[in-house]
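Order of the sequence lines fixes the chain letters, A, B, ..., with proteins taken first and strands second; residue numbering starts at 1 for each chain. The basis for the numbers below is simple: all heavy atoms, side chains too, and nothing from hydrogens, waters or symmetry mates.
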Number of protein chains: 2
Amino acid sequence: MTGKQFTSVWFREPRKAATPARSREEIVRAAMELLDEEGLTGLSMRKLGAKLSAGATSLYWYVANKDELLELAYDQIWAEMTVPDAHEVGWRDASSSWAYSMRAVMLRHPWSASLLGHVPALGPHALTASDRMRKVFKAAGFRGLDVDYAVAAVTAFVYGMTLPEIAWDVTVGDYDYDAEEMRGLVAKAAADFPDMLESLAMEAYEDPAVVRATAFDFGLVSVLDGLERRLVT
Amino acid sequence: MTGKQFTSVWFREPRKAATPARSREEIVRAAMELLDEEGLTGLSMRKLGAKLSAGATSLYWYVANKDELLELAYDQIWAEMTVPDAHEVGWRDASSSWAYSMRAVMLRHPWSASLLGHVPALGPHALTASDRMRKVFKAAGFRGLDVDYAVAAVTAFVYGMTLPEIAWDVTVGDYDYDAEEMRGLVAKAAADFPDMLESLAMEAYEDPAVVRATAFDFGLVSVLDGLERRLVT
DNA sequence: ACCTGAACACCGTTCAAGT
DNA sequence: ACCTGAACACCGTTCAAGT
């Protein structure tokens with residue numbers, strides 16, 4: 001207990017602007033651009049201020065602190081995900097297209113991976129998406145807290161699968177790397193594990209993007225199959 | 001392409017100490033203590049130096065930079081997970097006790113959640129754990145890349161489920177919060193979603209720890225059921 | 001109502017200098 | 001071989017002062 005109160009942007013009323021020279025929307029948009037270009041570590045209040053040709057500290061008029069700015073940017077992520085109506089396409093199609101769209105959004109905005117799960121998802125877009133996901137699993141036949149459990153299981157899977165993909169992309173993007181050399185280094189680290197070396201060798205002949213997509217699909221189908229079994233018993 | 005080479009602690013030989021006043025092991029142990037006590041943001045090279053009654057910059061003799069120090073600490077996480085032998089207890093029991101132990105380790109070291117997936121898992125302990133997990137799924141009957149896909153699916157699920165749990169614990173720990181008040185705030189944010197309010201109300205009568213454990217089990221059983229189905233078809 | 005710059009208390013890291 | 005302190009280039013945030 002520190003005496004601090006838990007806070008979130010979503011618990012406070014935004015400033016009502018009289019003559020909005022700058023606006024929250026503009027700031028969040030600029031922040032997302034910076035995040036997309038330079039990643040989470042590339043976003044600083046100073047840089048963001050400069051981008052908006054303002055002093056870094058001007059931003060504090062619109063936003064309590066950097067964390068709340070991130071909460072705002074984070075919520076936008078959810079706006080980009082699509083959740084089809086289960087009554088139109090069935091719950092399996094609905095939830096798997098949602099899963100694919102969540103993966104796509106994360107890959108498009110790699111910084112979101114560092115925020116997902118860490119930042120409370122209480123923004124309007126996050127809530128809307130969750131609500132739609134709940135409806136999908138209700139349509140599937142889940143009842144009570146099982147609805148939440150099902151949503152959580154799919155979300156957890158998508159998130160957990162996509163995160164390493166992003167980490168890999170970031171690594172590849174940040175460094176001058178040679179695929180062959182990289183494999184050699186990894187193989188050296190795994191030298192004591194013949195089993196893993198074998199699987200590494202198998203992968204070497206496949207397109208990495210295909211392997212990743214296949215892994216995702218394999219797991220997603222499994223998760224949905226598993227959830228479906230909860231319905232019949 | 002930036003001209004930088006990709007590096008990892010595991011690709012370089014450690015310094016061979018002649019008279020090791022300090023050692024990598026000691027530094028990593030101290031770093032983990034600091035991490036357990038104060039979290040990821042609580043670890044700074046200066047603080048760690050002070051804890052070891054050394055100058056902050058002395059650490060750079062043992063470790064290339066902070067990222068590599070985190071790689072070292074991160075690998076220790078894997079040492080704490082247990083993966084039973086599938087030939088003794090069967091693949092379902094083996095993989096689910098591994099899943100539970102991974103969850104327990106993450107909850108014990110909340111900072112690990114911010115490293116998992118972000119930091120390359122190339123350390124000896126990470127590799128050992130992965131190797132054992134692969135053996136479990138091989139024993140189950142998976143072949144080829146399916147072994148990796150199965151391991152990835154379970155890992156992704158555990159990680160994705162546990163992360164929000166940790167975020168919640170950290171929030172509760174950091175702030176002076178009243179359960180009732182908190183629920184009120186969340187309910188206000190979700191005011192437009194009657195469906196979610198209903199589920200919020202249901203949860204209010206349950207022990208949060210029980211709800212979380214139930215959610216984890218529900219999902220885990222589903223994932224394993226789903227994987228099992230891959231074996232029969 | 002909005003914006004500013006100076007200032008504070010931090011960071012990670014480099015490097016020449018010490019022993 | 002190991003450790004140090006000074007220095008550099010950054011951070012987020014507060015706050016009194018401006019318009």
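For the side chain to side chain contact (heavy atoms under 4.5 Å, CB included) criterion with B:S112, the lone passing option out of B:M32, B:M106, B:M102, B:Q76 is B:M106.
Using a 4.0 Å cut-off, no side-chain N or O of B:Y60 falls inside it from OP1 or OP2 of D:dC2. At the phosphate of D:dC3, neither OP1 nor OP2 sits under 4.0 Å from any side-chain N or O atom of B:W61. Contact annotation: A:Y62 reaches the phosphate of C:dC3 (side-chain N/O to OP1 or OP2, under 4.0 Å).
In this structure, CG of B:D67 is placed 12 Å from C1' of C:dT13, rounded to the nearest angstrom. Rounded to whole Å, atom C1' of D:dT14 lies 12 Å from atom CG of A:N65. What separates CD1 of B:I27 from C1' of D:dC2 is a distance of 11 Å, to the nearest Å. D:dC11 atom C1' lies 12 Å from atom NZ of B:K66, rounded to whole Å.
For the ring-ring contact (aromatic ring centres under 6.0 Å, His included) test, no residue two or more places apart in sequence or in another chain qualifies with B:H118. For A:R132, the salt bridge (charged side-chain N to carboxylate O under 4.0 Å, His left out) test picks out no residue, with sequence neighbours left out. Checked against salt bridge (charged side-chain N to carboxylate O under 4.0 Å, His left out), B:R108 has the following partners two or more places apart in sequence or in another chain: B:E80.
The stretch residues 39-51 of chain B participates, sequence neighbours left out, in these side-chain hydrogen bond (donor to acceptor under 3.5 Å, both in side chains) pairs: B:E33-B:K51, B:E38-B:K47. Sorted by first then second residue, the salt bridge (charged side-chain N to carboxylate O under 4.0 Å, His left out) pairs that include residues 64-75 of chain B, not counting sequence neighbours, are B:R12-B:E68.
Contacts with DNA chain C (heavy atom under 4.0 Å) in residues 30-58 of chain B: B:L43, B:S44, B:M45, B:R46, B:K47, B:T57, listed by number.
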Atom pairs and distances, donor-acceptor, side-chain atoms in residues 182-198 of chain B, under 3.5 Å, two or more places apart:
unit_1	atom_1	unit_2	atom_2	d
B:R183	NH2	B:E180	OE1	3.4
B:D195	OD1	A:K138	NZ	2.9
B:D195	OD2	A:R134	NH1	2.9

Give the table of side-chain donor-acceptor pairs shorter than 3.5 Å for residues 153-161 of chain A, with sequence neighbours excluded, one pair per line with atom names and distance.
unit_1	atom_1	unit_2	atom_2	d
A:T155	OG1	A:V151	O	2.6
A:Y159	OH	A:A113	O	2.9
A:Y159	OH	A:L116	O	3.2

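Every stem involving DNA chain D, taken as at least 3 paired positions in a row under the Watson-Crick or G-U wobble test at 3.5 Å, is listed here: C:4-8 with D:12-16, C:12-16 with D:4-8.
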